[in-house]
> 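Questions regarding the structure given below will be posed in turn.
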Amino acid sequence: KKMGQLNCVRQSQDRNCLICFDEISIGTQHVTCGICNVHMHKSCFSNIIDHRTQLPRTYCLCPHCQSVGVIYTDIHIN
């Protein structure tokens, strides 16, 4: 599944997943909220979305700030 847009940024600090709290490795695709700037593994985010509703969604909801349509795919590079 593709989610949102792809953004590549230089990593300036450690990033941990909001859901599982594990570190998100450099070069790993993950999702980020454009409003509250939280980071999540794509698999963790997908599991949250799948468990919240049994109906397919056409939008993404941030589990932290509850904003709609602000989740994008991100990659941190050196």
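Remember, predicted model here, so these are calculated numbers, not experimental data.
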> Within a strict 4.5 Å, meaning less than it, do heavy atoms of the Ile19 and Ile48 side chains meet?
yes
> Ignoring hydrogens and angles, tell me if any N or O in the side chain of Thr28 forms a donor-acceptor pair with the backbone of Ile24 under 3.5 Å.
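No; judged by distance alone, with no hydrogens or angles, the pair does not exist.
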> Should Ser67 and Leu61 be marked as a side chain to side chain contact (heavy atoms under 4.5 Å, CB included) after you check the CA-CA gap, both sets of side-chain angles, and the distance that decides it?
CA-CA 6 Å; Ser67 296; Leu61 181 71; over 6 Å; no
> Walk me through it: do Asn16 and Asp22 pass the test side chain to side chain contact (heavy atoms under 4.5 Å, CB included)?
CA-CA 5 Å; Asn16 291 341; Asp22 287 343; over 6 Å; no
> Can you name the residues that form a ring-ring contact (aromatic ring centres under 6.0 Å, His included) with His30, not counting sequence neighbours?
His39, His76
> Please report the interatomic distance SG(Cys33) to CD(Gln66), rounded to the nearest 0.5 Å.
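Reported value, rounded in 0.5 Å steps: 10.0 Å.
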> Is the shortest side-chain heavy-atom distance between Ile71 and Phe45 below 4.5 Å?
yes
> How many angstroms lie between CG in Leu18 and SG in Cys62, if you round to the nearest 0.5 Å?
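It comes to 7.0 Å.
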> Check whether any side-chain heavy atom of Gln29 sits under 4.5 Å from a side-chain heavy atom of Asp74, and report yes or no.
no
> Distance check, rounded to the nearest 0.5 Å: His64 atom NE2 versus Asn37 atom CG?
10.5 Å
> Which atom pair, heavy atoms only, marks the closest approach of Cys17 to Met40?
SG-CA, 3.7 Å
> Hey, quick one: are Val38 and Val31 part of the same hydrophobic cluster, counting side-chain heavy atoms closer than 4.5 Å, chains of contacts allowed?
yes
> Could you measure the distance from the CG atom of Asn47 to the SG atom of Cys20? Nearest 0.5 Å is fine.
10.0 Å
